[in-house]
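All remarks here apply to the structure that follows.
Every number for a ligand or one of its atoms is a count from 1 in the order of the listing.
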Amino acid sequence: MNSPVWPPYAHLKTQPPAPKVVGGSGAYFELESGERLLDATCSWWCMIHGYGHPRLVAAIREQAETLCHVMLGGLTHDPADRLARELVRITPDGLNHVFYSDSGSVGMEVAMKMALQYQVLTGQPKKRKMLSLMKAYHGDTTGCMAVCDPEEGMHSLFSSLLPQHHFAPSPTAPFNATQAQVAADLDVLGEVLERHHHDIAALLMEPLLQAAGGLNMTSPDYLRGARALCDAFNVVLIFDEVATGFGRTGKLFAADHAHVTPDIMVLSKGLTGGYLGHAATLATDRIHDAFIGDSAHHAFMHGPTFMGNPLACRVALESLAVFEEENYLGKIALLNRLLCRALLEDQALMAHPEVADVRVLGATAVIEAHSETALTGVATFAREQGVWLRPIGRWLYTMPAYITSEQQIAHITEVMKAWFLKSSSCLSG
Ligand SMILES: *Cc1c(COP(=O)(O)O)cnc(C)c1O
């Protein structure tokens with residue numbers, strides 16, 4: 001009866017058996033039981049076009065008939081080459097080089113290795129640690145665990161295994177913060193750099209939106225200030241846009257809100273529209289050119305088996321074409337207005353004693369509860385109303401697919417609000 005599949009992030013003793021998904025179309029997926037659930041999370045934020053998108057499915061099918069896979073060691077192919085050119089075109093100016101890998105975590109490992117090796121190659125071998133932020137989440141592999149929030153993060157059990165890096169407090173100024181609020185956050189970041197820059201290779205952050213660590217949002221001015229600090233202290237700036245990339249914050253990339261070019265940027269989740277696992281680590285000429293040289297240490301020793309997989313690259317190209325041709329940034333702007341109206345303008349919700357805060361940025365909305373127990377049972381409650389919600393700790397959030405309709409967004413936000421207000425009178429569908 002029990003499946004041999006070991007589920008993620010699960011307490012095996014209390015985890016209920018997972019329902020089986022048999023298909024999906026648009027913003028919905030279907031269960032074996034016949035239930036259709038409106039996916040408010042777009043499957044860990046990656047299925048930005050929803051399920052069964054005809055163009056994405058056709059792209060994979062066409063590519064499969066030509067070439068499913070070939071190693072990128074010593075070889076290249078059209079989908080890898082074309083996608084790299086497209087990523088250089090759409091990302092902030094100056095990111096001209098693309099290193100492929102197979103997941104967000106590995107994309108971040110690549111970024112950290114690149115930054116450290118860059119410092120060695122440019123005569124700064126003492127700069128070998130990372131500077132990360134509290135509330136950060138950068139993935140579950142060993143290198144990534146070491147730069148996740150060491151206290152609230154879920155990896156404290158492994159602390160003795162992990163390298164010790166530096167951490168700065170997470171930013172507290174909201175998206176629309178005043179200069180003074182942001183200055184206070186930048187002061188504390190600056191202090192850590194002042195004290196430790198001699199051994200810091202890179203500052204890494206999820207720009208504007210610390211996602212898994214509690215949907216903590218901050219101001220574009222924080223990114224500009226971080227850029228200036230990194231320049232002053234010769235620290236590589238890494239933007240982990242695995243979650244924020246491809247429109248989630250309202251612009252194509254979070255960096256675009258600040259007109260900042262990081263030295264290294266990591267993309268995954270939305271890259272392939274969620275249809276295949278893949279990641280890209282982009283670097284500027286300055287980083288890349290430091291690797292051109294005569295010593296054995298100039299080679300970048302990394303190469304995941306599936307890097308540049310033709311199916312993944314081909315579907316990523318199609319995803320991007322749909323994104324641009326169908327004005328997804330316009331769709332995201334509409335979703336943002338709907339989320340703001342439904343949640344931020346609801347006085348009863350904002351005043352509810354269990355609600356600590358409500359935040360909206362781009363196509364992301366979160367109701368932060370005072371305690372995790374305030375959300376016990378919310379997933380079951382939502383499922384009974386036909387919505388798939390999966391809170392993180394005390395954060396009840398939605399990151400819908402960008403094709404989610406106005407009515408479907410209303411359904412999602414009504415369920416989120418009803419959990420707190422317990423008035424089912426407004427529930428539709
Ligand atoms: C999901 C996520 C990762 C890890 O990506 P995986 O593909 O799950 O390895 C890294 N960074 C951020 C910001 C993420 O949201």
Side-chain angles (χ1 to χ4, degrees), residues 6-10 41-48 91 99-115 130 132-150 152-155 158 162 165 167 170-171 202-218 222-223 226 237-249 253-255 262 264-282 302 304-307 309 312 315-316 319 361-364 366 390-393 395 397-399:
W6 192 322
Y9 304 118
T41 70
C42 75
S43 271
W44 278 333
W45 332 332
C46 67
M47 296 294 287
I48 59 176
T91 51
F99 193 97
Y100 290 119
S101 61
D102 35 29
S103 72
S105 299
V106 177
M108 280 303 295
E109 299 276 356
V110 167
M112 289 188 273
K113 277 174 76 171
M114 243 178 216
M130 301 293 139
S132 186
L133 302 178
M134 300 302 281
K135 298 192 183 175
Y137 174 79
H138 295 292
D140 293 341
T141 56
T142 305
C144 290
M145 284 199 288
V147 289
C148 290
D149 185 307
E152 279 199 53
M154 42 198 159
H155 304 129
F158 302 98
L162 301 177
H165 294 299
F167 284 85
S170 60
L203 166 62
L204 35 107
M205 64 174 67
E206 299 156 87
L208 293 190
L209 172 66
Q210 294 184 294
L215 297 114
N216 186 39
M217 298 166 188
T218 195
Y222 186 77
L223 308 188
L237 180 61
I238 300 174
F239 278 179
D240 176 351
E241 294 234 22
V242 171
T244 53
F246 300 98
R248 188 52 67 186
T249 66
F253 299 104
I264 297 176
M265 180 167 177
V266 184
L267 305 174
S268 186
K269 293 200 165 91
L271 172 65
T272 62
Y275 280 54
L276 281 163
H278 223 64
T281 301
L282 286 94
H302 209 97
T305 306
F306 294 110
M307 71 182 293
N309 172 265
V315 75
S319 170
L361 177 62
T364 306
V366 59
R390 197 179 142 97
I392 303 174
W395 295 277
Y397 74 93
T398 178
M399 291 202 201

Discussion item. With a 4.0 Å heavy-atom cut-off, what residues sit around ligand 1?
Written reply: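 Contacts of ligand 1 under 4.0 Å: W45, S103, G104, S105, Y137, H138, G139, E206, D240, V242, A243, K269.
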Worksheet item: Residues in ring pair (Phe, Tyr, Trp, His ring centres under 6.0 Å) with Y275, at least two apart?
Response: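 Applying ring pair (Phe, Tyr, Trp, His ring centres under 6.0 Å) to Y275 gives none.
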Practice prompt. State, with a plain yes or no, whether a side-chain heavy atom of E109 is found less than 4.5 Å away from one of P304.
Written response: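 Not in contact.
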How close do [X] and [Y] get, heavy atom to heavy atom, and via which atoms?
| X | Y | result |
| --- | --- | --- |
| P207 | A254 | O-CB, 3.4 Å |
| M134 | S170 | O-CB, 3.0 Å |
| A226 | M205 | CB-CE, 3.7 Å |

Worksheet item: Any idea how H278 and Y100 line up, ring-wise: parallel (<30°), tilted (30 to 60°), or perpendicular (>60°)?
Response: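 Tilted, since the angle between the ring planes falls between 30° and 60°.
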